[in-house]
Amino acid sequence: MSAHPCHRDLYTVEQLRLLDRAALAALGISGQELMYRAASAALNSLRRHWPQARRICIHCGPGNNGGDGFLLGVLAHEAGLQVELVALGSTSHGDAAKAREAWQAGAGRVQLWDAQALLPEAELHVDALYGIGLNRAPEAGAARLIEQINRSGLPVLALDVPSGLNSDTGDCPGTAIRADVTVSFIAGKRGLHTGRAADQVGVLELAGLGVPDSVYEHVRPDAQLLAAAALPARARYANKGNHGHVLVIGGDYGMAGAARLAGESALRAGAGLVSVATRAEHGFALNATRPELMVRGVDGPQTLAPLLERASVLALGPGLGQAAWGHALWLTALDANKPLVLDADGLNLLAREPRQFGTPTVLTPHPGEAARLLGISTAEIERDRFAAVRELSRRYAAVVVLKGAGSLIADPDGRLDVCPWGNPGMASAGMGDLLTGIVAALLAQGCTPWQAAGLGVGLHARAGDLAAQQGERGLLASDLLAPLRALGNGMPGGGGEHG
Ligand SMILES: NC(=O)C1=CN([C@@H]2O[C@H](COP(=O)(O)OP(=O)(O)OC[C@H]3O[C@@H](n4cnc5c(N)ncnc54)[C@H](O)[C@@H]3O)[C@@H](O)[C@H]2O)[C@H](O)CC1
Ligand SMILES: [K+]
């Protein structure tokens, strides 16, 4: 019985409450004892990250997250640390109240938070204000405290969840703690891996509190973190026809580069043949700079049709534009009913003329494109990225990649994966076109849409992290092509399984 929660499993708050109850039953212990285990895990984390710290300040909220804070105070005091304890106000009943009594019975002093006062002297702040119970933006007093802790310049350890971050959605309805380290209890929380979480969580640690594996068998995780995976080995006997033929359709005037990047990433991800259907004027430039691409000028459905014939997978949208030329190619390509990756203007045209897909299809919207596809605002998408990606997948009957910090991948039957890689250096032109080519190449090599989306998003983000080792600012899409090829062949970071 290893009693280590699977780090890839991510749960909703509702599921965490079920796990909490099942854990207490399985362990045969009280809520208070489980809370002591959380406090002890927090003290271990604190001492591991800040072994020199002697004077800490713990900030306790009204619920059980606050309870964890009070018991951490008890254990830290017993371990010889000097503990300042600030409470937002009163403490709700049950375990949290008992924890407060335990603190007051021992070391004792509770300083009620006063927004006019300065924070107590300390070398480190511990955030025990709100955990999975956050249900609205922190109110005035709490918001002031969070801001002061963030502005203190001192290290911050968050218990379970950085307060103010919604552990179901990854959104911050108001102010939120910016933690250096977050020690989370019992099981992974999906909202700590996407959206705003990237700026709030810091280093994330999961403490299982000794909850037996059997407990996790009762609850199917809502989502999973992607696993690092290499592409399946190639048959020695293979020829280029065995690895599919990707047709990139796009590159209207001024946007040839998008089609080029999608074409080249499809080659680097292992497609056997890659053709690019684009404006005739772009032919020379694309051929000269990447001779492996078979570039054809197309001026409409007639000249596109024979290319569609020969292709096994379509990558539709990079630099396509929404003018008559792009729209005509878009309609013709969709009617070809071939396995498809739809991105950029291909998605904006779909938002104007919605349809469901009956053939293998992957949509790769960024939050803006997702908003257009669902007819809501980008802010509404980011308010609950999990709900948005599931609705997109259901409504268009396709596998959907919702890009951004912690990209999400959903399929129509509700499966959902979260990408743990990627960095803000990837917020630059052409990165999306690379992903389009990669996913198309994986479809062309025989992956299902779910497999191609997961493997592709993982490879793309891991290549981005490798390329960003020389710094995030100024990272170019084409900087990812070399690490992409290495990762695709199981070099640095390869191994594991997906799909
Ligand atoms: N998951 C587990 O198995 C364990 C969790 N523990 C800790 O308990 C918290 C969850 O505790 P809970 O009492 O349910 O809620 P919170 O402490 O997160 O929230 C507090 C309380 O505050 C109210 N509230 C919510 N948002 C706001 C707001 N913006 N402004 C004011 N008040 C707010 C709300 O009513 C809540 O009741 C979990 O995170 C762990 O830290 C156990 O210690 C170990 C087992
Ligand atoms: K917290």
Side-chain angles (χ1 to χ4, degrees), residues 5 11-27 29-42 45 58-72 74-75 86-100 102 113 125-146 149-150 156-168 171-189 191-192 197 200-202 204-211 215-216 219:
Y11 299 86
T12 62
V13 168
E14 192 188 340
Q15 292 176 326
L16 291 160
R17 302 236 183 255
L18 291 175
L19 285 172
D20 185 18
R21 281 196 290 281
L24 294 173
L27 291 165
I29 63 173
S30 68
Q32 196 67 177
E33 284 169 275
L34 191 61
M35 199 172 259
Y36 260 110
R37 290 186 180 204
S40 158
S45 175
I58 304 173
H59 304 270
C60 294
N64 288 343
N65 194 243
D68 297 345
F70 282 112
L71 296 186
L72 170 61
V74 170
L75 298 179
V86 173
L88 260 183
S90 64
T91 297
S92 59
H93 54 284
D95 294 323
K98 289 199 202 105
R100 184 167 183 149
W113 166 240
H125 289 292
V126 177
D127 155 36
L129 298 168
Y130 307 116
I132 60 172
L134 183 90
N135 52 22
R136 60 196 186 276
E139 276 132 19
R144 288 295 81 60
L145 176 53
I146 289 171
I149 293 170
N150 286 345
V156 177
L157 170 66
L159 301 192
D160 207 25
V161 181
S163 297
L165 178 71
N166 181 311
S167 48
D168 256 350
D171 184 37
C172 298
T175 56
I177 285 284
R178 252 199 323 279
D180 298 276
V181 175
T182 296
V183 54
S184 205
F185 307 126
I186 298 185
K189 297 151 182 77
L192 272 62
Q200 314 302 140
V201 168
L204 178 59
E205 297 180 346
L206 182 58
L209 309 188
V211 172
V215 164
Y216 299 94
V219 184

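All ligand and atom numbering here is 1-based and tracks the order in the structure. Just so it is clear, the model here is predicted, and its values are computed rather than measured. Quick note: numbers below take in every heavy atom, side chains included, and nothing from hydrogens, waters or symmetry partners.
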TODO: Sort by chain and number the protein N/O/S atoms found under 3.4 Å from the K ion (ligand 2).
DONE: Asn65 OD1, Asp127 O, Asp127 OD1, Asp127 OD2, Tyr130 O, Leu159 O, Val161 O, Ser163 OG

TODO: Look at Asp95 together with Lys98 and state whether they make a salt bridge at an N to O cut-off of under 4.0 Å.
DONE: yes

Open item on the list: Is the shortest side-chain heavy-atom distance between Arg37 and Phe185 below 4.5 Å?
Closed with: no

- [ ] Measure the spacing between CD of Gln15 and CD1 of Ile132 and express it to the nearest 0.5 Å.
- [x] 11.5 Å

Task: Inter-residue atom distance Leu75.CG - Tyr36.OH, 0.5 Å rounding - done: 6.5 Å

Open item on the list: With a 6.0 Å cut-off (strictly less than), is the heavy-atom count around CD of Glu33, excluding the residue itself, greater than 12?
Closed with: yes

Open item on the list: With a 6.0 Å cut-off (strictly less than), is the heavy-atom count around CZ of Arg178, excluding the residue itself, greater than 12?
Closed with: no

Task: Candidate list Asp168, Thr12, Asp160, test side-chain hydrogen bond (donor to acceptor under 3.5 Å, both in side chains), partner Lys189, passing option - done: Asp160

- [ ] Give, for atom CD1 of Ile146 and atom CG of Leu88, the distance between the pair rounded to the nearest 0.5 Å.
- [x] 8.0 Å

Open item on the list: Counting only heavy atoms and a distance below 4.0 Å, can you name the residues contacting ligand 1?
Closed with: Arg17, Asp20, Leu34, Met35, Pro62, Gly63, Asn64, Asn65, Asp68, Tyr130, Gly131, Ile132, Gly133, Leu134, Asn135, Arg136, Ala137, Pro138, Glu139, Asp160, Ile186

- [ ] Drop me the distance from Leu165's CG to Leu134's CG, to the nearest 0.5 angstrom.
- [x] 8.0 Å

